[in-house]
Amino acid sequence: MNPVASLPRLRDLSPVDRGRIESITRAVGVFGDAEIPVALEVFDAAIAGSPDYAAVGAELDGELAGWICWGPTPCTAGTYDLYWIAVDPGAHGTGIGTALLTRMERRLAGCGRLIVVETAGRPAYAATRAFYEARGYRRVAVIPEFYAPGDDQVVYTKALSSG
Ligand SMILES: CC(C)(COP(=O)(O)OP(=O)(O)OC[C@H]1O[C@@H](n2cnc3c(N)ncnc32)[C@H](O)[C@@H]1OP(=O)(O)O)[C@@H](O)C(=O)NCCC(=O)NCCS
């Protein structure tokens, strides 16, 4: 893989991508073992056509290098949760995460009103928080000790322009 020379190609995901989705999601190193099956469950639902989840992948040089998954937040009007975003560590900083985020936002333009991202406050997520903040996501809440003692939840939102 030569991340510098190529632009990511965004595409729909299919069952054959499952193994690669799992290895990328594990490789980023911030998700715990218990979170991986949850990510795969959501991936399975998205590619099966569930109205609750949508997913997009990004290829670099013909190999899947990242994915994003989002869905409508139950019992809300036009609010969507970004559930998962993960990029192969070998390709971090090459624009794949931005391309995936932008694709989600474009897909939601017109039907979505607000995107919500729940992430963690611990140091391992500092680059992730910077990623969201630089892309217009506003830190709106911190729930202390949410995930575990000393492990806060940080909530970001971004308003989508209508039309
Ligand atoms: C956050 C993440 C999706 C960004 O993807 P990416 O392809 O590296 O992002 P891009 O190349 O489009 O943008 C790079 C930006 O992300 C940030 N970033 C986050 N992690 C980074 C990393 N390991 N290397 C380089 N940049 C990183 C940088 O601050 C950079 O910001 P800048 O362009 O404003 O300087 C990716 O780093 C990742 O998979 N992280 C681990 C999983 C994760 O935290 N998921 C979100 C859980 S809520």
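Each ligand, and each atom within it, is numbered from 1 in the order the structure gives.
- The closest heavy-atom contact to atom 46 (C) of ligand 1, among the options Tyr132, Trp84, Phe131, comes from Tyr132.
- At least one N or O atom of Thr94 sits closer than 3.5 Å to an N or O atom of ligand 1.
- Shown here is Arg11, whose CZ atom has more than 12 heavy atoms of other residues, nucleotides or ligands within 6.0 Å.
- Backbone and side-chain nitrogen or oxygen atoms of Phe31 are examined, and none is located within less than 3.5 angstrom of a nitrogen or oxygen of ligand 1.
- A donor-acceptor pair under 3.5 Å is formed between the side chain of Arg129 and the backbone N or O of Ala120.
- If you check which protein heavy atom lies closest to atom 13 (O) of ligand 1, you get Arg135 NH2, 3.4 Å.
- Scanning the protein heavy atoms around atom 12 (O) of ligand 1, the nearest turns out to be Thr98 OG1, 2.5 Å.
- Nearest protein heavy-atom contact of atom 7 (O) of ligand 1 is Gly97 N, 2.7 Å.
- In terms of protein heavy atoms, atom 20 (N) of ligand 1 is closest to Ala127 CB, 3.3 Å.
- Of all atoms in ligand 1, numbered sequentially from 1 with element shown, those under 4.0 Å from a heavy atom of Thr119 are 48 (S).
- The residue from Ala91, Ala99, Gly95, Gly66 that puts a heavy atom closest to atom 10 (P) of ligand 1 is Gly95.
- With respect to Glu105 and Arg135, no salt bridge is recorded, no charged nitrogen being found less than 4.0 Å from a carboxylate O.
- At distances below 3.5 Å, at least one donor-acceptor pair connects side-chain atoms of Asp152 with backbone N or O atoms of Glu145.
- Comparing heavy-atom distances from atom 29 (O) of ligand 1 across Ala120, Pro89, Ala130, Ala134 singles out Ala130 as nearest.
- Neither Leu114 nor Leu101 shares a network with the other; the hydrophobic side chains, linked directly or stepwise wherever heavy atoms of I, L, V, M, F, W or Y lie under 4.5 Å apart, form separate groups for each.
- Cluster annotation: Tyr80 and Val155 are assigned to distinct hydrophobic clusters (Ile/Leu/Val/Met/Phe/Trp/Tyr, side-chain heavy-atom contacts under 4.5 Å, transitive).
- Annotation: atom 45 (N) of ligand 1 to nearest protein heavy atom, Ile85 O, 2.8 Å.
- Contact annotation: the side chain of Tyr156 never approaches that of Ile115 to less than 4.5 Å [non-hydrogen atoms, C-beta and beyond].
- Shown here, atom 5 (O) of ligand 1 is in close reach of the protein: a heavy atom of it lies under 4.0 Å off.
- At the top of the distance list for atom 8 (O) of ligand 1, counting protein heavy atoms only, stands Gly93 N, 2.8 Å.
- Checked by distance only, ligand 1 and Thr128 come closer than 3.5 Å through their nitrogen or oxygen atoms.
- Atom 15 (C) of ligand 1 lies below 4.0 Å from at least one non-hydrogen atom of the protein.
- Across all non-hydrogen atoms, the minimal contact from Pro72 to Asp52 is CD-O, 3.5 Å.
- The contact set between ligand 1 and Ala86, taken as ligand atoms under 4.0 Å from a residue heavy atom, comprises 39 (O).
- Hydrophobic clustering (side-chain heavy atoms under 4.5 Å, transitive across Ile, Leu, Val, Met, Phe, Trp, Tyr) keeps Val116 apart from Tyr125.
- For atom 38 (C) of ligand 1, the candidate residues are His92, Glu35, Arg129; the nearest heavy-atom contact is made by His92.
- Among all non-hydrogen protein atoms, the one lying nearest atom 39 (O) of ligand 1 is Val87 N, 2.9 Å.
- Contact annotation: the side chain of Trp84 approaches that of Val38 to within less than 4.5 Å [non-hydrogen atoms, C-beta and beyond].
- Although no hydrogens or angles enter the test, the distance criterion places no donor-acceptor pair under 3.5 Å between the side chain of Asp81 and the main chain of Tyr83.
- The hydrophobic clustering, which links ILVMFWY residues whose side-chain heavy atoms are closer than 4.5 Å, places Val154 and Ile143 apart.
- What sits closest to atom 41 (C) of ligand 1 on the protein, heavy atoms only, is Val28 CB, 3.7 Å.
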